[in-house]
Every structure is written in structure tokens, then in C-alpha cells.
Amino acid sequence: MNVWALQHHVTFGSPEYSDSDEDFGRRQGQSGKISILAPMAPPPSKKMFCKRWLDEQAPPQDVEDEDEGGFRAPSKPTMWKKPCTNNNGVGQHAARVQPAAAKGGATGTLILTEEGHCLAHKTGNACLECPRRVELLCGTSGILRTGIDADDLLHQLKFENHNKEAPLADLLRVHDWEYLHELISRCDEARRHKGKTWLDPPGHPRDTLVSPESYSVANKGAGAVCAAVDRVLQGLCRNAFVPLRPPGHHAGPAGLVYSDDGSPTESQGFCLINHVAIGAAYARYNYRHMIQRIAIVDFDVHNGNGTAAIVRNLRPHRHTRMISAETSVTYPSYKPWLDETDGDNVFFASIHLSAHDFYPRLAVPGQGRFGEPEFGMDSDGAADDPAHPNIVNIPMGKTSTTAESSELFRSLVEKKLLDRLRSFRPDLIMISAGFDGHHEDCEGNRGWCHLLEEDYEWITDRLCEVASDHCKGRIVSVLEGGYHVPQRRGKKGSEMDSQCVLTSALATSCAAHVRSL
């Protein structure tokens with residue numbers, strides 16, 4: 001039996017859970033380990049979901065408050081749309097696009113989405129990674145289709161439905177066949193039981209559910225990302241955004257990520273297939289004549305540990321896995337995308353909240369895991385992995401206010417990301433766009449991160465500037481986290497309520513990101 005099978009060869013319990021199961025959250029935390037669904041200091045749930053709505057009902061104010069740090073919060077956070085003008089009164093986005101267009105670059109942003117909004121991946125309404133996340137963005141009433149008002153830049157977006165799965169060869173550049181086979185088997189098991197089953201191995205917190213069509217939905221997401229790469233690199237659009245689910249950046253070569261000492265992470269954090277890595281590998285292999293250097297930037301509040309593990313696997317090394325409490329196995333590991341130069345030509349950076357009690361729990365006191373030392377080492381480069389100089393971990397500490405979060409986030413991006421990204425001179429930038437660091441996404445960040453829409457717009461602007469300077473504006477962005485969905489429940493086939501869309505931090509943050517693209 002192979003190593004992956006040894007780790008996972010235990011029969012799960014009954015896989016049948018109804019979508020209305022209210023004790024889902026209790027079941028997932030039985031092991032007591034840290035998972036993406038770890039217990040949190042709960043906010044008053046009813047107020048959490050209606051606060052933005054109440055803010056919107058307040059009379060408009062002519063003057064906005066500004067805190068001591070100089071960070072200005074929008075007066076209507078539910079309808080965030082920053083005026084796009086520079087000091088000369090010229091639209092910022094137009095000013096940035098015009099030089100590239102003059103050089104022959106494409107214009108416009110393309111949205112590629114699965115026609116059914118990924119609803120066939122059934123996790124149940126009790127799960128944070130709920131079925132309505134993509135519908136909130138791209139459904140009939142989704143914010144990317146309707147915008148905020150008639151003048152919204154979102155009305156200029158191009159939309160394309162994509163329902164084809166990625167070929168197996170594209171997945172195997174990134175994932176092990178043993179893992180993909182097990183994922184398919186779990187979906188078949190769910191089909192036999194007409195329900196759902198856990199993908200997480202026994203003994204781990206269980207937060208990653210699969211249903212009969214989960215593999216197909218995730219694979220179609222990978223196909224959509226590869227199609228977005230095609231559209232951008234063929235000059236049919238300047239950049240593209242792919243809103244999909246489930247997310248993928250916690251899925252490593254074998255699904256569950258293992259550290260250098262062989263110990264596994266606690267769970268897969270909702271992730272089945274690493275879409276952004278598959279898209280990057282697809283570009284590197286199929287567009288070798290025009291794409292040499294690919295950068296992946298992840299600003300989800302959780303570390304992109306799966307993507308980092310995949311990028312580490314671009315260099316030959318020996319890998320250790322614990323297959324029991326007393327037994328480990330070490331073996332050679334290497335999965336190139338094109339050739340032996342992959343390790344030098346792929347750049348990965350993750351800016352994320354890091355703490356010993358926050359998923360995926362990289363900052364373990366007294367030791368380093370996955371290339372990230374114990375959080376608190378604040379010297380430049382302290383979070384780098386010497387064996388993999390193109391992998392940049394940028395950990396953020398816990399914060400308590402929006403101003404504190406924004407200042408820390410922007411300063412770290414300026415000091416530790418942008419210069420290294422420019423020095424790398426990418427030919428294509430891929431973004432793992434997670435919005436669970438938002439102030440109102442208390443379930444996603446446990447109340448320890450307080451970013452706002454303007455912060456997501458700011459980092460997108462910075463990445464677009466690098467793209468304009470080095471790769472003709474070519475960016476492919478892929479949705480990762482973001483779990484503030486006030487209206488999780490709804491009758492089958494019912495439309496998402498427009499008020500729910502405007503009060504969702506996921507929707508408004510994603511809209512800010514796409515406007516900047």
C-alpha cells in the first residue's frame with residue numbers, strides 16, 4: 001500500500017448528513033485540534049449579520065471620520081465604491097490601462113464562472129464554505145453583475161460560462177494520482193450513501209466535506225482557471241477573475257500538507273484541488289514560448305500552505321511523512337511543471353494572519369513549521385525558507401482595530417513583498433484572492449483581523465502596477481476564502497436577496513478587488 005493510502009486507510013463513519021444539520025459545527029471540532037473552523041470568541045451573531053444593513057439605513061453624512069492613523073473608513077461600508085480619480089482628476093484605472101494599451105496590450109476584465117455557480121458541491125448551509133458564496137457574486141442578483149448603481153465600473157465586465165473539466169494531465173502536474181484517486185473514491189462513497197462524507201483523514205479535525213459532484217465541480221474550477229490563462233495570454237482580455245468554490249490554496253500535492261518533520265497540518269481547510277497552482281503550471285508548460293517567470297500572490301487571511309508545498313515540490317528533495325504516531329517514511333519527491341528551472345522561475349508569496357492558535361497553525365512555539373519560524377521574529381526575511389528563496393511568508397500578528405490592521409497589512413506589503421516581486425520581473429501574476437481578513441468576517445478570522453474593502457483595493461492596485469510594468473498587465477485572480485454570507489439559507493432555485501448581496505463583506509470586498517483589476 002502506498003504512503004498516502006497508509007495515512008488514509010481507515011473507514012470513515014456514516015457519511016450521511018442532511019443540509020439542515022444544525023450540529024455540523026459540533027461534529028467538526030471533536031478532535032480538539034486547530035482547524036479552519038476552530039472555536040472562536042463569538043460575536044453577537046444576529047447583530048453581526050445585520051450591522052451593515054443598519055449602517056446603510058443611517059442618514060448620509062457629509063463628513064467622514066478619520067482616525068489618528070489617517071485611514072478613512074467609507075461612510076457606507078455596504079456600498080463601498082471608492083472614487084477612481086488621481087490628483088489630475090483622471091481615472092486611476094484609465095490612467096494605468098492607457099500605457100499598456102498603447103504598447104499593444106489588451107483591455108478589459110473577464111469573469112469566468114461555472115454556470116451552476118458551483119452549487120453541486122454540497123456542503124450544507126451550516127458550513128462556512130456554503131453553497132451560495134459564488135451565487136452571491138455571479139448569480140442573477142450577484143454584485144459583479146448588478147454593481148452598486150448605474151455608474152459602477154462593474155458594468156464593464158465581460159462574462160463567460162465555463163463548464164469543462166481540466167484534463168487529468170493538468171491536475172497531475174500539481175497533485176499526486178493517489179490523492180486524486182482517493183478524492184474521486186470519497187465522492188463515489190457519498191454518491192452510494194446519497195449524502196456527504198469527510199475528506200479529512202481520521203484523527204484530524206473534520207472541516208472538508210465532499211458530496212457526489214465535488215470532484216467534478218472542483219475540476220471544472222481548475223478548467224476555468226486554465227481557460228482564464230488562455231484568454232489573458234492570447235490577448236483576449238487584460239486580466240481575468242475566476243470566482244469558484246471550493247477554495248484550493250490549502251491543498252498540497254497529496255492534499256493534506258506535511259511539514260519538514262513529517263507532521264501533517266490539521267485539515268485541508270475546505271480545499272480539494274489547488275486551482276491557482278494548476279493554472280500557473282498550465283501557463284508554464286503550455287506557454288513556454290512567452291511565459292518564463294510566474295508569480296503567485298496569496299492575500300487570504302490563512303496561509304497558502306498547499307500552494308507553498310506545491311512550489312517546494314518544484315525542486316528535488318527528500319520528504320518525510322508520519323504515517324502513525326511512531327512511524328514515519330522518507331522518500332524522494334519532485335514534481336516539475338516544465339523542467340529543472342521551475343524552482344527559479346516560480347515565485348510564491350503569502351501574506352496572512354499567523355498565530356499558534358490560528359489555522360493552519362504554522363507558528364508553533366519553539367519550532368519552525370513549513371518554513372515559517374515562530375511568529376514574533378520581526379527582522380527582515382525572518383519568515384523566509386532558505387532552501388526555497390522564491391517562497392516568501394509574510395506573517396501578520398493579531399490586531400484589534402481597522403486602522404491597526406490596515407497599517408500593518410500595507411506596511412508589510414510595501415516592505416516585504418513589492419520590491420521582491422518587482423525584482424522577480426514576472427511574465428504573469430496569479431492571485432489567490434481571499435477576503436476572510438475583512439473586519440466583518442469574524443467567523444473566517446476569529447475577530448483577529450480587521451481589513452476593509454479599501455485595503456483589498458489598495459493591494460490589487462499595487463499588484464496591477466507591477467503587472468503593468470513587467471507583464472503587460474497580465475493577471476489571473478482566483479477566489480479563495482471569504483465567508484461573510486448573511487443569507488446562507490434559501491429555497492432551492494430561489495434568487496439571492498439583493499439586500500443580502502449589499503450587506504456581505506465577501507461581495508463588497510470582491511467587488512472592490514475586481515474594480516481595481
Approximate separation, where rounding is to 0.5 Å, of [X] [atom1] and [Y] [atom2]:
| X | Y | atom1 | atom2 | value |
| --- | --- | --- | --- | --- |
| F435 | L479 | CZ | CG | 6.5 Å |
| R315 | N313 | CZ | CG | 12.0 Å |
| L272 | T208 | CG | OG1 | 7.0 Å |
| E189 | T197 | CD | OG1 | 4.0 Å |
| L144 | I111 | CG | CD1 | 5.5 Å |
| L168 | W177 | CG | CH2 | 6.0 Å |

Heavy-atom pair of closest approach, residues [X] and [Y]:
| X | Y | answer |
| --- | --- | --- |
| A308 | I391 | O-CD1, 3.8 Å |
| A280 | M430 | N-CE, 3.9 Å |
| V174 | A281 | CG2-CB, 4.1 Å |
| L314 | P336 | CD2-CA, 4.2 Å |
| S516 | T460 | CB-CG2, 3.5 Å |
| L244 | V478 | CD2-CG1, 3.9 Å |

Q) Side chains of E340 and Y334: is there a donor and an acceptor less than 3.5 Å apart? A) no

Q. Would you say the side chains of N239 and T109 form a donor-acceptor pair under 3.5 Å?
A. yes

Counting only N and O atoms by type, is there a donor-acceptor contact under 3.5 Å from the side chain of [X] to the main-chain atoms of [Y]?
| X | Y | value |
| --- | --- | --- |
| H484 | G482 | no |
| D300 | E480 | no |
| H317 | S333 | yes |
| N219 | Y215 | no |
| D342 | W337 | yes |
| N163 | K220 | no |
| K335 | L172 | yes |
| H175 | G252 | yes |
| H275 | A218 | yes |
| R288 | Y285 | yes |

Residues [X] and [Y] bridged, charged N to O under 4.0 Å:
| X | Y | result |
| --- | --- | --- |
| R446 | D436 | no |
| D419 | R422 | no |
| E182 | R186 | yes |
| R474 | D427 | no |
| R284 | D339 | yes |

Q. Should the ring pair H438 and Y456 be called parallel, tilted or perpendicular, given that the plane angle runs from 0 to 90° and is split at 30 and 60?
A. parallel

Q) Is the number of heavy atoms from other residues, nucleotides or ligands under 6.0 Å of K164 NZ greater than 12? A) no

Q) Should we say atom CZ of R191 is surrounded by more than 12 heavy atoms from elsewhere, each under 6.0 Å from it? A) yes

Q: Not counting sequence neighbours, which residues clear ring-ring contact (aromatic ring centres under 6.0 Å, His included) with H450? List them please.
A: H439

(Q) Just to verify, what does F424 make a ring-ring contact (aromatic ring centres under 6.0 Å, His included) with, not counting sequence neighbours? (A) F347

Q.
Assess the residue pair S468 and R238 against the criterion (side chain to side chain donor-acceptor pair (under 3.5 Å)); give the C-alpha distance rounded to whole Å, side-chain angles, the decisive distance to 0.1 Å, and a yes or no.
A. CA-CA 10 Å; S468 293; R238 178 178 172 83; 2.7 Å; yes

Q: Quick one: do H302 and F270 satisfy ring pair (Phe, Tyr, Trp, His ring centres under 6.0 Å)? Show the steps, please.
A: CA-CA 12 Å; H302 302 93; F270 309 139; 8.5 Å; no

